[in-house]
Amino acid sequence: MFLKTVFSRRFFLLFSFGAAFSLFSGRKAFSGSGSRRFLRPPGSLPEKDFLARCVKCQKCVQVCHMRVIMPLPLSAGIPAAGTPAVSYKNGYCDLCMKCVDVCPSGAIRPIEKEETAIGAAVIIKESCVAWDWSGCVVCVERCPLKAVELDGMKRPCIIKEKCNGCGECEAACPAPALRSSKKGGKGIIVVPWGEEGEYER
Amino acid sequence: MKGKVFTFGNLRLAVMVMLFAALIFGTVKYTGTGTLCAYCPAGILQVASASLSVTLFMLVCLICAAIIALLFGRAFCSWGCPTSFLRRVFGVKHRVSVSPGEAGKPAGLKPYYAYMVLAASAAGSFFAGFPVFCLFCPIDLFFGFIFAVHRLFVSYQPGWELLIFPAVIAAEIFLFRKWCAYICPIGAFFKLAGKIAAPFVRIGADKASCAVLNGRSCHICAASCGEGISAPHRPASAASDCTLCLNCKDKCPNGAVRAGFKAGKR
C-alpha cells in the first residue's frame, strides 16, 4: 500500500518537481544568496535576515504611495522573487516609513529617518550630461541632503556619507531625454550599499 | 434546486470576489492590508523557524488562525482559498476519495501527508534560511502573479513570472488533484485542530426529514461533497476533512442538512 502510493505517477512527479525545485533554490541559498544585493525598502534587515522573514505578502508594495516598492521579478533569483525592492524609475522614496509600519514579520524594522540607508547614489559618467558638457545641475538642486556637489569643472559628485539613497536625483535625472542615443540611461542611479565602488573609476 | 440564486455555492463565490476586490481596492487606495500570505499560519511557522524570531503580529495571527480552526475547521479551504476558487473557475473536480461505504477503511499514511509537508516545510525553512513552501504554494504564486501584473502596469517592468506562475499553478491544479487534501500545509494546519477536537461548527442531518435516517437510500449529500462526507453518517475523519462548503445543504432535496454549533451531535 505504502509502496504503491510512493511509486504512483503523481507522487513521482511531485517528488521530482519538489526535489529539483528545492535543490535549485537550496543550492542558491547555501552558496550565499545574501551575496546578491538589492535595493530594499528603508529599514530592511540585512539580505539574509530579510529573506528569512519576508513572506511576500506585498503589504509594503500596496502601501507605498510613491509606487517605488515593487516585487522583484523571477530573474532576481528563486528565493528573492516576489520580495519587495525599490526602483526609482518613476518616483523616489519620501521616507514616509509606512512600509515599516505594515511589515507583519519584522523584515522591515522601524528606524529613524536620519538612519535611513537604502543605497548610495553613483554617477554614471558615460550617461551624465554634465560630465560631457556641464550645465546640468538637476541632481544637485533636487538632493534633499545636499549630498551631490559640483566639482571644479561643474560636474556633479556624490558625497557618500550624506547620501541615504532616497532616489530623488535618479527620478529627476533628465539624461535619457537629453541624449539622442536610445541606449543612454540615467546619469545618476542609486545602487545597493557595497556596490557603489564598482562605479567609481 | 435549479435556478435558485441564493445557494451557499454562490455565497462562497461572492465571498471570494469580495476578498479579491478588497485586494485590488487596498492596492489602489494604499491601505497596505496585503495578501492572505501576511496572515498565513503555515507562512508564519516557516518564517519563525527560518529566522528564529516571531513578531507580535505573527503571534496574534497564529492564535486567530487556531481559533478559526477550532470553530470552523477547514472552512478557509472553501471560503477563502484562491486555489479552490481557481479549481471552481476551471471546473476541476474536487473529489478526494471515499464512497460512503469506504469511509472506515484504513488509508495508510495518506491522511498524514499534509502534516508531513507542514513539518517538512518548517524544518526545510530552518535549513534553507527562508520560507521554502511559499516558493511553490499556489496561493503565493497566485498573488505573485497578480502583483507581477501590478508591476507591469505601474512601472512597466514585465517578468517571467507572468508566464511561469500560471503554468505552475495549472500544473499543481491539474496534475495534483489531491493537492488540497494531501499536500497543502495550510489545510493541514486547519485540519490539525479538527483532529484534536471536532470543530464547533459542523454539519449534520435532521432526523425527521433525512431520507437515509428514515431508511430510504439517498446519499446525494455525499455525492456532492468534495470530501465524500455523508451528512447523516459522518465518518470519524469528517471533523477534520469537512470544509463547510455547504454543497450538501444546497443539494439536499429534503432540506435535511443542518449546519451550526454542534449540529448533528452523536
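Heavy atoms only: backbone and side chains are in, while hydrogens, waters and symmetry mates are out. We name chains A, B, ... by the order of the sequence lines, and we start the count at 1 in each one. Predicted model, so just to flag it, every value in this text is computed and none were measured.
- Looking at A:S105, its side chain never comes within 3.5 Å of a backbone N or O of B:T55 through a donor-acceptor pair.
- Within a 6.0 Å radius of CH2 in A:W193, more than 12 heavy atoms belonging to other residues, nucleotides or ligands are found.
- Ranked by heavy-atom pairs shorter than 4.5 Å toward chain B, the options A:K59, A:M70, A:H65 are led by A:K59.
- Comparing A:D49, A:D101, A:L72 by how many heavy-atom pairs each has under 4.5 Å with chain B, the most go to A:L72.
- Most heavy-atom pairs under 4.5 Å with chain A, from the set B:C134, B:G26, B:S49, B:G43: that is B:G26.
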Legend entry - Evaluation steps, side chain to side chain donor-acceptor pair (under 3.5 Å), between B:S155 and A:R67: CA-CA 8 Å; B:S155 69; A:R67 290 284 187 242; over 6 Å; no

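- Contact annotation: the side chain of B:M58 never approaches that of A:P104 to less than 4.5 Å [non-hydrogen atoms, C-beta and beyond].
- Summarising the geometry of A:V63 relative to B:G32, their closest heavy-atom pair is CB-CA, 3.9 Å, with the distance given to 0.1 Å.
- In this structure, no portion of B:F143 lies under 4.5 Å from any heavy atom of chain A.
- Applying the side-chain hydrogen bond (donor to acceptor under 3.5 Å, both in side chains) test to pairs two or more places apart or on separate chains, those with a residue in residues 128-151 of chain B are B:R151-B:E161.
- The closest donor-acceptor contact from the side chain of A:Q62 to the backbone of B:T31 lies at 3.5 Å or more, if one exists at all.
- Only the backbone of B:V28 comes within less than 4.5 Å of a heavy atom of chain A; no side-chain atom from C-beta onward does.
- Counting all heavy atoms, side chain and backbone alike, A:V55 lies closest to B:V47 at CG1-CG2, 3.1 Å.
- At a 4.5 Å heavy-atom cutoff, B:Q46 makes no contact with chain A through either its backbone or its side chain.
- Annotation: maximal heavy-atom pairing with chain A below 4.5 Å, among B:G144, B:G159, B:A38, B:A50, occurs at B:A38.
- For residues 12-25 of chain B, a heavy-atom distance under 4.5 Å to chain A picks out B:L23, given by residue number.
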Legend entry - Derivation and outcome, side chain to side chain contact (heavy atoms under 4.5 Å, CB included), residues B:S51 and A:R53: CA-CA 6 Å; B:S51 67; A:R53 283 174 178 81; 3.6 Å; yes

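- Both the backbone and the side chain of B:Y156 have a heavy atom closer than 4.5 Å to some heavy atom of chain A.
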